[in-house]
Number of protein chains: 2
Amino acid sequence: MTTIGDVAKAAGVSVATVSRALRGVDRVSPRTRERVMAAAADLHYVASPAATSLVSGRTRGIGVITPYFSRWFFATVITGIEKALREEGYHVLLCDLEGHTFDTRLPITQGMLWKRADGVIILNVPPEPGERDLLDRLGMPVVTVGNRQPGWPSVRIDDQAAMAMATEYAIGLGHTRIGYAGTVPTSVSHLQTPFDRRQAFTDVMTAHGLEVRPQWTLRCDWTADGAAEHAERLFAGRDRPTCVVAASDEMAFGIMSAARRRGLDVPGDVSVIGIDDHVHSRILDLTTVRQDVEAQGRHAGALMLAALHGHEVSPSHDEVLGVELVVRGSTAPPATADRARPTPKGVKTRTRARGVSETLAV
Amino acid sequence: MTTIGDVAKAAGVSVATVSRALRGVDRVSPRTRERVMAAAADLHYVASPAATSLVSGRTRGIGVITPYFSRWFFATVITGIEKALREEGYHVLLCDLEGHTFDTRLPITQGMLWKRADGVIILNVPPEPGERDLLDRLGMPVVTVGNRQPGWPSVRIDDQAAMAMATEYAIGLGHTRIGYAGTVPTSVSHLQTPFDRRQAFTDVMTAHGLEVRPQWTLRCDWTADGAAEHAERLFAGRDRPTCVVAASDEMAFGIMSAARRRGLDVPGDVSVIGIDDHVHSRILDLTTVRQDVEAQGRHAGALMLAALHGHEVSPSHDEVLGVELVVRGSTAPPATADRARPTPKGVKTRTRARGVSETLAV
DNA sequence: TTGAAAGCGATACCAA
DNA sequence: TTGGTATCGCTTTCAA
């Protein structure tokens, strides 16, 4: 393993000069620098991050905490984060919480990530109290994605607005018998996204004088399989909704599948709408409210870099990316409703939603 | 930031003793250890990985190189890796190659990963020559997933066997007009999985005296969208196959979608079969050849840990996990064929394939 | 512009 | 069983 000393020897200068020359800072004569660079290249020299980190205090690593790495949404956010960070020579330390409860997390996150990272990006999970303490104590920059946490800047969409858009669209088609998928898990009732989306659904329904029927609310986890299972039971009954609004596209996939398995036509017998615009939503012809997931990751990364570069990032910074309705073939007016306002299948309509409410001040 | 010195002072011992007590190695009197532990806990002491790494030479980080980590397969493998490594206190450094060509990769992988990691796990991509050099020079353990590379142990499935299983099944149903999706990208023609699967398809077809028609071979990338686009063109013609074998489930999704969009019934007019058993394959009722993706990640992680613990891991170690046929509703005998060997839709058949050909010797 | 030397925070060897 | 100390590889004053 070649060290800075080897390079110094080869270039005939001191290690201090090598350090300065290689980092491009400070004054070093062009000729000296050239010699140093040549020697370093020759020897395949790469500075030891451990040594650099020990003296400088920074690691060039950013911890990313995610509830489920393998789910499309999270993996895509992280892709965005990684791309943004890589440009500046930072890298991602992955911390997947899958399979851990609120209680068993701390040891994982603790020594595992802290002290190895210069900052942390937290996806969609609220911090455990011990983690908050730790982060406050360490004073490292934190950015959240997908939800707001007091004291930390965030990047997200407006979950309520997104769900309102989906629900309004369903109602606008003439549906009155509307089911819902995406309840708040009782084990982690503090998850903002499930809570906000359900809230918005209920609010919009109520505002239109429509009833939210408990028996039409699928109490499933946020997976396609889970939704399919619950939806099959729903569709088995005689008294079923003409439309189901799902809080995520993956659940919507499950619902469409269950409907067809029960011999129901989508959208003829039942309409389905989701939120996300998952990578498979186009081919499955799902009407949805689109969010740019990778962009959220990129923005979070940029925010982190800004903080790392010493730019002031306000804890109240709240970057809300826009969403848009993407009408596809899984929705239609209800079979029995009057067709005063038909939206012909196949015509793609796009509606812009709220834009960025506050932009990154770099 | 509390250091080992602070703990030593608080416990009234030397730093050397603190180091020994905390790591649990060496002999330290129980009473001393207790005092040290108490002091450390009190001060929220966590050893600096940088300092530890500088002197010990190890980082407890494992680099994971992946072509696209937001794709289901890769994200799932990485989940498995992360779980295995975390148990032993190792963590994952992500290196996504997406958007990089063979030529622009080295700088990314170079200083970014090397020297920060104790080992590297490479998913499905062959190493760039410079990377091979680097890895050989550094002499760090390497494990590959998804394909074999000379000199490095691997974890994978038998791609040829998997594709043979799919193709045989299609032929066994009576199909003779069979299309294929999953060609080898010309830009990276050395990718083993695409190559092997296509090879096996061709071999099996030939062995049965069946023709592989170029116009029925979809030259698409390995995404659902790409496959859908190409498949729509295929299904637009009059002369179309009665079955399409896809080298991945995601492509199969696209093909099913395209067929239905063209008014064709699946499996009535065209059967579709894939490889993977993607998380959505069950709800989409896709017949496929199942592989345990997360297990591949876990095994790769275990292999890496074994190497790190100094156990001998042979470079020729080749761990081949079994696959199994999962029959669902996307396949049926061709409409025009004689139905001598019908496989009733809805009856799930599972066939065990080759098992692990060699197991990890720890 | 360059070099010498003092840390950064741990580990591990050698004494005690 | 414990403590002193050299050492890991680099950055960063402070002098020259």
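Naming convention: chains lettered A, B, ... in sequence-line order (proteins, then strands); numbering from 1 in each chain. What's counted below: heavy atoms across the whole structure, side chains too, no hydrogens, waters or symmetry copies.
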Between the first and last five pairs of the helix from C:dT1-D:dA16 to C:dA16-D:dT1, the angle of the axes, rounded to 10 degrees | 40°
Let me know the distance between NZ of A:Lys9 and P of D:dG9, rounded to the nearest Å.
-> 12 Å
Starting at atom CD1 of A:Ile4, determine the distance to atom P of D:dT7, rounded to an integer number of angstrom.
-> 19 Å
Check residues 131-143 of chain B and write down every donor-acceptor pair under 3.5 Å in which the side-chain atom is one partner and the other belongs to a residue at least two apart or another chain.
unit_1: B:Glu131; atom_1: OE1; unit_2: B:Arg105; atom_2: NH2; d: 2.4
unit_1: B:Glu131; atom_1: OE1; unit_2: B:Glu128; atom_2: N; d: 3.0
unit_1: B:Glu131; atom_1: OE2; unit_2: B:Arg105; atom_2: NE; d: 3.2
unit_1: B:Glu131; atom_1: OE2; unit_2: B:Arg105; atom_2: NH2; d: 3.2
unit_1: B:Glu131; atom_1: OE2; unit_2: B:Thr109; atom_2: OG1; d: 3.1
unit_1: B:Arg132; atom_1: NH1; unit_2: B:Pro150; atom_2: O; d: 3.3
unit_1: B:Arg132; atom_1: NH2; unit_2: B:Pro150; atom_2: O; d: 2.6

Close side-chain approach of B:Leu93 to A:Leu93, heavy-atom, < 4.5 Å = yes
Residues forming a side-chain contact (heavy atoms from CB on, under 4.5 Å) with B:Ser48, sequence neighbours excluded = A:Leu54, B:Ala50, B:Ala51
Please examine the side chains of B:Asn124 and B:Val77, heavy atoms only from C-beta on, and report whether any two atoms are closer than 4.5 Å.
-> no
Taking for each residue the nucleotide of DNA chain D with the nearest heavy atom, is it B:Val28 or A:Gly5 whose nucleotide lies nearer the 5' end?
-> B:Val28
State, yes or no, whether a side-chain contact exists between A:Glu98 and B:Glu82 at a heavy-atom distance under 4.5 Å.
-> no
May I have the distance from A:Leu43 (atom CG) to D:dG9 (atom P), rounded to whole angstrom?
-> 14 Å
Quick one: do A:Glu294 and A:Arg298 satisfy salt bridge (charged side-chain N to carboxylate O under 4.0 Å, His left out)? Show the steps, please.
-> CA-CA 6 Å; A:Glu294 190 176 316; A:Arg298 285 198 308 272; 3.5 Å; yes
Which of residues 13-23 of chain B have a heavy atom under 4.0 Å from DNA chain C?
-> B:Ala16, B:Ser19, B:Arg20, B:Arg23
A:Thr104 side chain to A:His100 backbone, donor-acceptor under 3.5 Å = no
Distance-only donor-acceptor check, side chains B:Ser19 and B:Arg23, under 3.5 Å | yes
Go through A:Asp118 and A:Met304 one step at a time and tell me if the side chain to side chain contact (heavy atoms under 4.5 Å, CB included) criterion holds.
-> CA-CA 9 Å; A:Asp118 295 341; A:Met304 178 55 69; over 6 Å; no
Separation of B:Glu34 atom CD from D:dT1 atom C1', in whole Å?
-> 16 Å
Nucleotide range of DNA chain C lying under 4.0 Å from chain A heavy atoms | C:dT1 to C:dG9
Across the strands shown, which category fits B:Ser29 at heavy-atom distances under 4.0 angstrom: base, sugar-phosphate, nothing?
-> sugar-phosphate
Evaluate the side-chain proximity of B:Leu85 to B:Leu305: yes if any heavy-atom separation is below 4.5 Å, no if none is.
-> yes
For B:Thr66 and B:Asp96, test the side chains for any donor-to-acceptor distance below 3.5 angstrom and give the result as yes or no.
-> no
Which atom names give the shortest non-hydrogen contact between A:Pro67 and A:Val125, and what distance separates them?
-> CB-CG1, 3.7 Å
Could you tell me whether the side chain of B:Val64 reaches within less than 4.5 Å of the side chain of A:Leu94, counting heavy atoms only?
-> no
Pull out every residue in residues 48-55 of chain A that has a heavy atom closer than 4.0 Å to any atom of DNA chain D, ordered by number, or say none.
-> A:Ser48, A:Ala51, A:Thr52, A:Leu54, A:Val55
